[in-house]
Structures are given as structure tokens and as C-alpha cells.
Number of protein chains: 2
Amino acid sequence: MNSHLDKINDFTARLDIETLTALNAISVEKIFKKGNFLLRQDEVCKKSYWIEKGIARKYYLNDGKEITTELYFDNDIAVSFDSYCLQKPSREYIQALTDTTILQTDFGAFQTAKQQFPKLAKLDLMMTEYYAMWLEDRLFQFHTMDATHRYLKLIEDHPYIIQNIPLTFIASYLGISLETLSRIRAKK
Amino acid sequence: MNSHLDKINDFTARLDIETLTALNAISVEKIFKKGNFLLRQDEVCKKSYWIEKGIARKYYLNDGKEITTELYFDNDIAVSFDSYCLQKPSREYIQALTDTTILQTDFGAFQTAKQQFPKLAKLDLMMTEYYAMWLEDRLFQFHTMDATHRYLKLIEDHPYIIQNIPLTFIASYLGISLETLSRIRAKK
DNA sequence: ATTATCATTTGATGTAGGTCAAATAATGAA
DNA sequence: TTCATTATTTGACCTACATCAAATGATAAT
């Protein structure tokens with residue numbers, strides 16, 4: 001979902017072989033079936049999830065209602081951020097919306113590897129920076145754009161999203177009701 | 001504004017003397033008069049600003065209207081984040097709301113220092129993480145709380161804010177109109 | 001003190017988007 | 001194919017908050 005991720009992929013692709021090997025050594029490929037959870041509320045987020053192929057979402061419950069905070073596609077990185085950083089129980093769920101192949105990297109092992117491979121530390125900072133910029137942009141959109149414009153921006157950035165994800169999740173992600181999203185789509 | 005900053009202050013306070021000395025060597029104390037700008041739109045944010053004493057705000061213009069994105073008090077750190085990270089022109093202004101003493105650290109010098117002093121790199125990551133968590137929390141508040149509750153949360157966290165900052169800025173920061181804020185305050 | 005400027009309140013009215021309810025449409029299992 | 005479940009649309013109504021306008025209150029300069 002984070003459009004800056006191209007740059008992170010570039011950076012990762014250009015890592016020297018030793019660093020890349022070290023990263024691979026602490027990463028495991030896994031497959032999650034549609035509907036399954038990479039992470040549930042109250043669990044500590046001990047892995048970062050590189051989505052190789054598939055779609056996932058992150059959400060939390062607010063008095064019974066699901067609020068989707070992020071949608072993930074190929075090459076996105078999913079974590080419950082504060083849970084991951086502080087290794088404390090997560091407020092959020094991360095769920096596969098399709099069968100999804102991910103590369104998961106262990107938090108502890110990554111912290112250790114960073115000390116040996118400075119480029120991994122650099123990568124960590126870079127990913128965090130881009131995530132913060134993405135959050136700033138999301139806040140910006142909520143402050144300056146109405147529901148229709150937020151929707152248009154979303155399908156502009158991710159045209160395929162409509163084919164693949166139930167509208168409830170998209171509506172929630174956009175911060176509007178399902179009905180409003182439906183009406184926006186009906187117009188024009 | 002970032003309540004996690006206590007932890008960063010703790011971390012900074014516990015730095016070894018060499019690291020602290022290196023940090024001091026690239027930092028300069030400056031005083032900004034009320035109303036003056038630490039940073040203007042279109043300038044590159046080449047410094048980070050540690051607010052030692054005073055109040056400041058960050059904002060941008062959206063078709064002529066100011067949107068306040070952050071309020072800073074003693075011991076907060078102010079930067080225009082994407083401008084600082086990517087060293088590109090800033091969309092945002094940073095302005096002193098009172099006479100303000102700041103300690104400013106040069107971006108380039110800090111990047112260099114990080115290579116020599118790993119703890120500075122750690123500090124950099126830590127600050128970025130806390131900023132991202134703060135942004136997440138702000139998004140959370142916009143998603144789950146109405147104007148009244150956001151206001152109550154704000155004065156709970158920063159009781160002194162009312163005495164010191166014109167309501168327009170607070171309203172804008174809360175994402176509501178000046179009039180609505182006034183009405184919220186009138187009740188109870 | 002007096003006036004000009006800025007900050008805050010109060011009132012009247014408009015609107016984007018929410019909520020509730022019911023009707024279709026699509027999907028999937030037997 | 002048929003039924004059951006889930007997703008989407010449509011309609012009627014409601015509400016939180018915006019906008020515009022004008023009054024009042026506070027600050028600061030002359």
C-alpha cells in the first residue's frame with residue numbers, strides 16, 4: 001500500500017551478497033490461506049511480513065466494528081507497527097484476503113543481524129521513515145479530501161483494488177460507510 | 001506533542017560522554033521571536049529543532065487555509081519530516097508561537113556523526129519510530145473519536161495548551177472549525 | 001483613554017456522510 | 001439447479017459539523 005516501497009525494494013535489491021545472505025538466513029517463506037491470520041490482537045508481532053504474492057489487510061476492532069488501517073499487495077511489508085517496535089501485544093489483526101505467500105523475518109534475529117550488517121540497520125531506518133511518510137500522507141488526505149476524492153485517489157493508485165477486495169474493507173480503509181462508498185461508485 | 005518523547009529524552013540523557021559531545025558539537029542554540037519561522041514552505045528542512053523552551057507549530061496551506069499538523073512544547077523535536085528525510089523542499093511551515101529557545105542540529109552533520117557514533121543511529125531510528133507511532137495514534141483518534149472527545153483528550157494530555165495557544169490553531173490541529181471548538185468549550 | 005485589530009462567542013442555516021431498513025445481486029455449497 | 005449466505009445497492013431519514021454573518025470581548029498601539 002505504501003507507494004514508496006519501490007525505493008525500499010531497490011535498496012534491498014542492491015544489497016551486497018553477504019548482507020542479503022544474512023537476511024535470507026533469518027527469513028522463512030510461508031503461505032497463508034485466504035481468511036487466515038498472520039497476526040491476531042493481543043499477540044506480540046514477532047515477525048515482519050514481506051508479502052510476496054497476495055492481498056492482506058490490517059485492522060482493529062473499535063466497539064465491535066472493524067477498522068481497516070492498511071491494505072497490502074505484492075511487495076508490501078506488513079507489521080503491527082507499535083507491537084513490532086516495542087514487542088508488546090498488538091491491538092491489530094493482520095489477515096490474508098487471498099491465498100498469500102509471505103517471507104517472514106524474525107524480529108529478534110533481525111535486531112542481532114543489524115549489529116553485524118550496517119546496511120540492515122540502514123534498511124530498517126529507511127522502512128520506518130517511509131512508513132511515517134505514508135502515515136503523514138494518509139493524514140493529509142483525511143484533512144484535505146472528501147470521501148469521493150479519497151476514493152478516486154485510491155483507485156488511481158491501485159486500480160486493481162476493486163476487483164479483488166470486498167467493498168466493506170475499502171470503505172473502512174477510506175474512513176467511510178459501505179453505503180456511502182456504494183453511492184460514490186454509482187455516480188459517474 | 002509526541003508523548004513518547006520522554007523515552008527519547010531518557011535515551012539521550014543516558015548517552016555516553018563522547019557521543020553526547022559529538023552531538024553537541026553539531027548543534028547550535030538559537031532563539032526565535034514569537035511569530036518567526038524556523039522553516040518556510042519550499043525551503044529544504046536542513047536542521048532538526050529541539051524545542052528547549054517555548055511553543056511552536058507546524059502547518060501547511062491548503063487552498064489558502066492553514067492546516068496545523070503539530071504543536072510543539074518544551075523538549076519536543078520539530079522537523080518537516082519528508083523534507084528532512086529526503087532533503088527536498090518542504091510543504092510545511094514551522095513557526096514559533098512564543099519566544100522560543102531551540103537547539104538545532106544540522107542534517108548533514110548528523111548523518112556523518114551517525115557513522116561514527118552508533119548510538120546516534122539508534123537514536124535516529126528511535127525518534128522515527130516514535131514519530132510513526134504518534135502518527136498512528138493521531139489517525140486512530142480521527143477514526144474513532146468525535147470532535148468533543150479529541151478535544152478532551154488533547155486538554156487531558158496538555159492542560160496548559162488552552163492558556164497559551166490561540167483557538168484557531170487548536171481547532172485546526174483537531175481538524176474542526178474554530179466555531180465548533182468554541183461551542184465544544186461552551187458546553188460543560 | 002481611545003481606537004484599531006485580533007480572538008472568541010453565538011445564531012441561523014446548509015450539507016456530507018452516517019444509520020437503519022429493505023431490495024437485489026452475486027457467490028458458493030449441496 | 002437450488003438454496004443459503006454474503007456482497008452491493010437503493011431509499012428515507014438523521015446528525016455532527018461546516019459555513020456565513022454578526023455580536024461581543026480582549027489586546028495593543030497611538
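Numbers restart at 1 for each chain; the letters A, B, ... are given by sequence-line order, proteins then strands.
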> Within 45 degrees of the axis of the six-membered ring of A:Phe140 and under 6.0 Å from its centre: does B:Arg91 put its NZ or CZ there?
yes

> Per the side-chain contact (heavy atoms from CB on, under 4.5 Å) rule, which among B:Arg183, B:Lys153, B:Lys187 passes with B:Thr148?
B:Lys187

> With sequence neighbours excluded, what pairs up with B:Glu66 under the salt bridge (charged side-chain N to carboxylate O under 4.0 Å, His left out) test?
B:Arg57

> Apply side chain to side chain donor-acceptor pair (under 3.5 Å) to A:Asp106 and list each qualifying residue two or more places apart in sequence or on a separate chain.
A:Lys47

> Please list, by residue number, the residues of residues 138-149 of chain A whose heavy atoms come closer than 4.0 Å to an atom of DNA chain C; answer none if no residue qualifies.
A:Asp146, A:Ala147

> Please report the distance, rounded to the nearest Å, between CG in A:Leu167 and C1' in D:dT10.
14 Å

> From the 5' end of DNA chain C to its 3' end, which nucleotides mark the outer limits of contact with chain B, defined by a 4.0 Å heavy-atom distance cut-off (strictly under)?
C:dT8 to C:dA12

> Measure CD1/A:Ile162 against C1'/D:dT9 and give the value in whole Å, please.
15 Å

> For A:Arg185 and D:dA7, give me the distance from atom CZ to atom P, rounded to whole Å.
14 Å

> With sequence neighbours excluded, what pairs up with A:Asp99 under the salt bridge (charged side-chain N to carboxylate O under 4.0 Å, His left out) test?
A:Lys33

> Mind calculating the distance between CD1 (A:Ile170) and P (D:dT9) to the nearest angstrom?
11 Å

> Take A:Asp16 and A:Thr19 through the side-chain hydrogen bond (donor to acceptor under 3.5 Å, both in side chains) test and state the conclusion after the steps.
CA-CA 6 Å; A:Asp16 55 288; A:Thr19 306; 2.8 Å; yes

> Do we see a donor-acceptor contact under 3.5 Å between the side chains of A:Tyr131 and B:Glu136?
yes

> Calculate the interatomic distance between B:Arg150 atom CZ and D:dC17 atom C1'; express it in whole Å.
10 Å

> Whether the side chain of A:Ser90 engages the backbone of A:Glu92 through a donor-acceptor N/O pair (distance < 3.5 Å, no angle test) should be reported.
yes

> Who passes side chain to side chain donor-acceptor pair (under 3.5 Å) against A:Glu43, sequence neighbours left out?
none

> On the ring face of A:Tyr173, is A:Arg138 found with NZ or CZ under 6.0 Å from the centre and within 45° of the axis?
yes

> Taking only residues two or more places apart in sequence, or in another chain, which ones meet B:Lys88 in a salt bridge (charged side-chain N to carboxylate O under 4.0 Å, His left out)?
B:Asp82

> Between the protein and nucleotides 18-21 of chain D, list the N/O to N/O atom pairs that are separated by less than 3.5 angstrom.
residue, atom, partner, partner atom, Å
D:dA18, OP1, B:Ser177, N, 3.1
D:dA18, OP2, B:Ser177, N, 3.1
D:dA18, OP2, B:Ser177, OG, 3.0
D:dA18, OP2, B:Thr180, OG1, 2.5
D:dT19, O4, B:Arg183, NH2, 3.1
D:dC20, N4, B:Glu179, OE2, 3.2

> Looking at residues at least two apart in the chain, or sitting in another chain, which of them share a side chain to side chain donor-acceptor pair (under 3.5 Å) with A:Tyr151?
A:Arg185

> Does some side-chain heavy atom of B:Tyr72 sit less than 4.5 Å from a side-chain heavy atom of B:Tyr49?
no

> Between A:Tyr59 and A:Gln41, is any side-chain donor less than 3.5 angstrom from a side-chain acceptor?
no

> Starting from P on D:dA7, measure out to CG on A:Leu97 and report it in whole angstrom.
11 Å

> What would the secondary structure line of DNA chain D be in dot-bracket form, counting Watson-Crick and G-U wobble pairs under 3.5 Å, with [ ] for pairs that cross earlier ones and | for pairs with another strand?
||||||||||||||||||||||||||||||

> Taking ILVMFWY side chains as joined if any heavy atoms are under 4.5 angstrom apart, and letting links pass through other members, which residues group with A:Leu125?
B:Leu125

> Would you please test A:Arg150 and A:Asp146 for salt bridge (charged side-chain N to carboxylate O under 4.0 Å, His left out) and show each step?
CA-CA 6 Å; A:Arg150 292 203 300 278; A:Asp146 63 16; over 6 Å; no

> Would you tabulate the pairs of protein nitrogen or oxygen atoms and nucleotide nitrogen or oxygen atoms of nucleotides 28-30 of chain D closer than 3.5 angstrom?
none

